[in-house]
Number of protein chains: 2
Amino acid sequence: MSCIKEEMFSKACKYAINAMIYVATLPEGVQRAGLKEIAQAINSPEAFTAKILQQLVRDELLNSAKGPHGGFEIQGDPNTITIAQIVGSIDGNLIFTGCALGLEKCSEDHPCPVHHKFKAVRDHLTGMMLTTNLKDIATRVNDGISFLKY
Amino acid sequence: MSCIKEEMFSKACKYAINAMIYVATLPEGVQRAGLKEIAQAINSPEAFTAKILQQLVRDELLNSAKGPHGGFEIQGDPNTITIAQIVGSIDGNLIFTGCALGLEKCSEDHPCPVHHKFKAVRDHLTGMMLTTNLKDIATRVNDGISFLKY
DNA sequence: TTAAATAAAGACAAAAATATCTTTAAATAT
DNA sequence: ATATTTAAAGATATTTTTGTCTTTATTTAA
């Protein structure tokens, strides 16, 4: 057994965040981004990306439209959409709330052996994700301060 | 598509941490803990746990002995074994080092859109795991301050 | 030296995540 | 109306992770 390649988020979730950021960077009101365009932009498998976008539409983070000039756009104000919402939509909220050791009966009063140590980190993570919104991220990408690609 | 149940660590990794803690709580020098005992103590599938323990033995976090009164024991000083080492052995170190968005070309100079925000959290997580040792954890379990079970 | 107890190793099975392909539905433009 | 474009939905395939079972190797004790 070599080791598992566990990361912070699932691949689906990473594609979701990337896709949302990509769509958010587009000049608004102009035109929707199609599946093909998105998948190419974020370097993700097209059909799998489609499934993920569907989920984001279901969770009302994206709007979609069929037909010519159809595609996806951010639903609502990018300023109010957080990374936490995107992650919650795809990966669920166990990353925010689940016991690090997977124990059922883990709580403040009945803490698992790493409960308090992880709580601080988790609160940090949660707080950061709740306060990081799409608009800010997209602005920095558009200003060339951070990058979705090379 | 309902959502994925992504957590911080893989199940294998959680079993590993639990197992290491359990073994560390046993009075030292006395006797080794057998597979069956460990799996029962941490409520994990026995055969799968065996594979995980093998990996921990390979990575020199545990010693094992076959035959009657065989079993597993912590290799070396529990004071110097950190959660980071256990996690690294089973889940690898992508959780410490990998880009949150899975981008190949993500670095300080060429940061992905969430790089800096996540860096702080990741450093927090890494620091915590590197400074949390088995001995301290086991002591608190033995003192009834934290719990592996109900 | 043999039987029993144990972990190691390897083959296999099941479940979940990732990925693809095909069909359907809806929108647009001609 | 019809053809075209697009997303949605559903079926299927692949890979990874999780889990089990069987055989082998090693140790202990009788």
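Numbers restart at 1 for each chain; the letters A, B, ... are given by sequence-line order, proteins then strands.
- Closest approach to the P68(A) side chain among dT18(D), dT6(C), dA27(C) is made by dA27(C) (side chain taken as heavy atoms from C-beta onward).
- The nucleotide dA30(D) finds its pairing partner in dT1(C), both defining distances of the Watson-Crick or G-U wobble pair being shorter than 3.5 Å.
- Side-chain proximity of K66(A) to dA7(C), dA8(D), dA17(C): nearest is dA8(D).
- Here the P atom of nucleotide dA7(C) and the CZ atom of F48(B) are 17 Å apart, to the nearest Å.
- Atom CG in N63(A) sits roughly 13 Å away from atom C1' in dA7(D) (whole-Å rounding).
- Each of dT28(D), dA19(C), dA7(D) was ranked by its minimum atom distance to the side chain of H69(B); first place goes to dT28(D).
- Within 6.0 Å of atom NZ in K105(B), 12 or fewer heavy atoms from other residues, nucleotides or ligands are found, so the atom counts as exposed in its surroundings.
- Here the side chain of N93(A) pairs no donor or acceptor atom with the backbone of F96(A) at under 3.5 angstrom.
- Taking atom CD of E37(A) as the reference point, atom C1' of dA7(D) lies 14 Å away to the nearest angstrom.
- If you take CD of Q55(A) and P of dA8(D), they are 12 Å apart, rounded to a whole angstrom.
- Atom CZ of R32(A) and atom P of dT5(D) are 17 Å apart (whole Å).
- Taking the six-membered ring where tryptophan is involved, the planes of Y15(A) and F48(A) are perpendicular, since the angle between them exceeds 60° and thus also 30°.
- With L134(B) as the fixed residue, the side-chain contact (heavy atoms from CB on, under 4.5 Å) test singles out one of T80(B), L61(B), N79(B), I74(B): I74(B).
- For the pair V57(A) and E46(B), nearest-nucleotide mapping onto DNA chain D gives the more 5' position to V57(A).
- For K5(A), no side-chain nitrogen or oxygen approaches OP1 or OP2 of dT17(D) to under 4.0 Å.
- Judged by atom type and distance alone, K51(B) reaches the base of dG10(C) through a side-chain donor-acceptor pair under 3.5 Å.
- In this structure, S64(B) does not reach the dT6(C) phosphate: none of its side-chain N or O atoms is under 4.0 Å from OP1 or OP2.
- OP1 and OP2 of dT18(C) both lie 4.0 Å or more from every side-chain N or O belonging to Y15(A).
- Comparing G67(A) and P45(A) against DNA chain C, the residue whose closest nucleotide sits nearer the 5' end is P45(A).
- Remark: C1' of dT18(C) and CD1 of I4(B) are 8 Å apart, rounded to the nearest angstrom.
- At the heavy-atom level, K36(B) lies nowhere under 4.0 Å from the strands shown.
- Here A65(B) lies in heavy-atom contact (under 4.0 Å) with sugar-phosphate atoms only.
- With respect to R140(A) and D136(A), no salt bridge is recorded, no charged nitrogen being found less than 4.0 Å from a carboxylate O.
- The nearest whole Å value for the distance from the CD atom in E6(A) to the P atom in dT16(D) is 14 Å.
- Between F118(A) and F9(B), the angle of the ring planes goes over 60°, which puts this pair in the perpendicular group of the 30/60° scheme.
- Straight-line distance from the CD atom of Q54(A) to the C1' atom of dT24(C): 12 Å, rounded to whole Å.
- Place A47(B) and G34(A) on DNA chain D by their nearest nucleotides, and G34(A) ends up nearer the 5' end.
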